[in-house]
There are 2 protein chains.
Amino acid sequence: MFGSRQFTSEVLEHCQTCSIRLTSVCSALKEEEIGGLAEITTLIKADPQETIFYEGDPADHLFNVTGGGVSMFKLLPDGRRQITGFLFAGDFLGLALHDHYSYSAEAITGATFCRFPRNKLEVLLDKYPKFEKRLLQTASNELAAAQDQMLLLGRKTAQERIASFLLNLSQRAMRRGQAGDKVDLPMSRADIGDYLGLTIETVSRTFTRLKKEEVIELPGVHEVVILDRAGLQDIAGFSAEDPVAAVAAF
Amino acid sequence: MFGSRQFTSEVLEHCQTCSIRLTSVCSALKEEEIGGLAEITTLIKADPQETIFYEGDPADHLFNVTGGGVSMFKLLPDGRRQITGFLFAGDFLGLALHDHYSYSAEAITGATFCRFPRNKLEVLLDKYPKFEKRLLQTASNELAAAQDQMLLLGRKTAQERIASFLLNLSQRAMRRGQAGDKVDLPMSRADIGDYLGLTIETVSRTFTRLKKEEVIELPGVHEVVILDRAGLQDIAGFSAEDPVAAVAAF
DNA sequence: CGGGACTTTGAGCAAATTCAACCATTGTGG
DNA sequence: CCACAATGGTTGAATTTGCTCAAAGTCCCG
């Protein structure tokens with residue numbers, strides 16, 4: 001299913017030194033408990049555009065993204081695609097704990113993961129209620145994000161969508177400890193369109209427009225500089241991804 | 001905040017005889033455990049259009065809908081509204097467990113609830129891991145539904161949206177033990193529009209069109225009869241709310 | 001340096017919206 | 001009990017936003 005290299009030997013020490021441990025679901029486990037997770041972990045690497053799993057596949061594994069970027073998406077029979085979310089280092093992949101995946105996932109550029117067998121992870125969840133609680137919290141966050149995205153898709157204009165998207169990416173990058181004003185866009189215009197419910201042309205035109213209005217700068221196709229954050233927030237409709245509220249939730 | 005009648009006295013026996021207990025989160029608790037939940041429960045009634053809570057309010061309570069219908073929604077500063085979900089008997093209200101509600105909720109027509117103080121419910125969650133597990137499962141289902149809705153809002157046409165919506169309502173009604181071909185639409189056209197990312201006019205026109213195509217019948221404004229389910233599924237794009245897949249998830 | 005994939009830009013088009021009028025149902029007061 | 005106002009729903013015409021189709025530009029990467 002996917003031609004990924006695996007390297008199980010380094011796993012145990014990996015968890016100890018893992019840079020994203022504190023920002024991921026793993027933070028629910030104490031130093032002496034993390035070994036149980038490490039034991040069932042396989043380190044995985046996916047190439048650019050490589051599919052991690054398909055919608056409808058038996059949901060045998062769950063993942064923690066440790067590097068790179070991932071997109072989750074659903075397809076209509078005629079090929080129309082909706083990306084339901086982008087995941088980056090520290091994000092959990094595989095929520096919606098059903099027998100079968102309800103969406104597909106693929107690497108945007110490259111990506112690395114910790115992969116956990118679902119049945120073994122469930123044993124661990126039973127053993128450590130805090131871990132389960134953390135997962136519920138993660139699911140809650142995902143749910144709130146999904147509701148924001150529904151507002152975006154159902155009611156925002158193209159410009160508002162792009163503005164919201166950039167602010168959202170910027171904010172998440174900041175949480176991962178990166179600069180907030182220089183936003184990395186690892187995904188293609190097609191990916192952005194399929195995430196925001198727009199065509200690539202509209203995405204492109206809207207970027208150009210925001211550039212003309214001097215709200216952003218586009219040093220490269222995969223790079224945006226936010227020149228006027230307040231202006232961008234104003235355009236975005238502001239409420240949904242309000243940084244203050246988002247921080248207060250933690 | 002809301003002028004609801006409360007009747008605490010009848011609560012204990014209420015849980016024992018509750019008609020939706022088996023289809024709701026309460027099913028996670030055994031006969032001898034349900035008392036703990038009953039103790040912290042207040043029965044609540046909301047009038048038509050009455051707000052249950054506002055986005056941004058401290059999330060002090062969680063709810064279980066026991067009757068009637070509820071809508072959850074988010075607003076943009078200029079008044080545009082996105083309904084993120086409709087809830088009916090047996091559905092849980094208040095997921096996205098944050099300190100503050102991330103959306104507003106109001107009764108469609110009338111509605112009744114069991115209300116639980118959040119802090120007390122959390123004690124119960126710690127005591128009964130099965131209950132917490134059930135809540136995680138519920139959150140998972142919500143998340144999968146949210147992803148279906150993103151596909152709908154981002155990529156489906158007006159006709160596909162209406163068809164998906166009707167099938168979805170029909171399916172949920174069937175799960176509550178009602179007939180599947182006569183679908184009740186307790187909400188207004190405005191509500192439907194705000195849920196599907198359309199205007200009331202487009203909703204109305206699309207209903208008329210489906211009627212002309214003899215896929216549905218409209219005996220009354222709040223009532224739809226599905227004449228050609230296969231045709232409706234065909235229009236809907238089919239994949240997302242495929243009844244088979246949905247049932248397999250349980 | 002050339003080819004392919006991706007992105008941008010342009011022109012015309014279409015689906016859904018906006019604006020406006022009309023219709024149906026319901027509830028209220030005379 | 002009826003008239004009528006109010007609310008909500010439907011239908012029509014014009015408009016608009018974003019889409020489709022098309023062409024040109026840019027950036028990698030061999």
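What you see below is based on every heavy atom in this structure, not just the backbone, and it leaves out hydrogens, waters and symmetry mates. Model, not experiment: these values are computed from the prediction. Note on naming: letters A, B, ... go to the chains in the order of the sequence lines (proteins, then strands), and numbering restarts at 1 for each one.
Here A:Lys182 pairs with A:Glu223 under the salt bridge (Lys or Arg N to Asp or Glu O under 4.0 Å) rule; sequence neighbours left out. In this structure A:Arg189 satisfies the side chain to side chain donor-acceptor pair (under 3.5 Å) test with no other residue, sequence neighbours excluded. Partners of B:Thr109 according to the side chain to side chain contact (heavy atoms under 4.5 Å, CB included) rule, which considers only residues two or more places apart in sequence or in another chain, are B:Pro186. Scanning for side chain to side chain contact (heavy atoms under 4.5 Å, CB included) contacts around B:Thr202 gives B:Ala158, B:Leu198, B:Thr199, B:Thr206, with sequence neighbours left out. Every residue meeting the side chain to side chain contact (heavy atoms under 4.5 Å, CB included) condition with B:Ala190, not counting sequence neighbours, appears here in chain and number order: B:Ser188, B:Ile200. In this view, B:Arg209 and B:Glu213 satisfy the salt bridge (Lys or Arg N to Asp or Glu O under 4.0 Å) rule, not counting sequence neighbours.
Within the structure, ring pair (Phe, Tyr, Trp, His ring centres under 6.0 Å) contacts touching residues 175-194 of chain B (residues at least two apart or in different chains) do not occur. For the ring pair (Phe, Tyr, Trp, His ring centres under 6.0 Å) condition, the pairs that include at least one residue of residues 189-209 of chain A, sequence neighbours left out, are A:Phe86-A:Tyr195, A:Phe165-A:Tyr195.
We find that A:Asp191 and A:Arg81 are joined by a salt bridge, their nearest charged nitrogen and carboxylate oxygen being less than 4.0 Å apart.
Along DNA chain D, read 5' to 3', the first and last nucleotides having any atom under 4.0 Å from a heavy atom of chain A are D:dG18 to D:dC21.
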For residues 60-72 of chain A, run the donor-acceptor check on the side chains, cut-off 3.5 Å, and write out each pair with its distance to 0.1 Å, sequence neighbours left out.
| unit_1 | atom_1 | unit_2 | atom_2 | d |
| --- | --- | --- | --- | --- |
| A:Thr66 | OG1 | A:Thr112 | O | 3.0 |
| A:Thr66 | OG1 | A:Thr112 | OG1 | 2.7 |

**Asked** How does each nucleotide of nucleotides 6-20 of chain C score, in 5' to 3' order, for protein heavy atoms under 4.0 Å: base (B), sugar-phosphate only (S), or none (-)?
**Response** -SBBBB----SBBB-
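In the helix from C:dC1-D:dG30 to C:dG30-D:dC1, the end axes, each obtained as the rotation axis mapping the C1' atoms of four pairs onto the next four within a five-pair block, lie 30° apart to the nearest 10 degrees.
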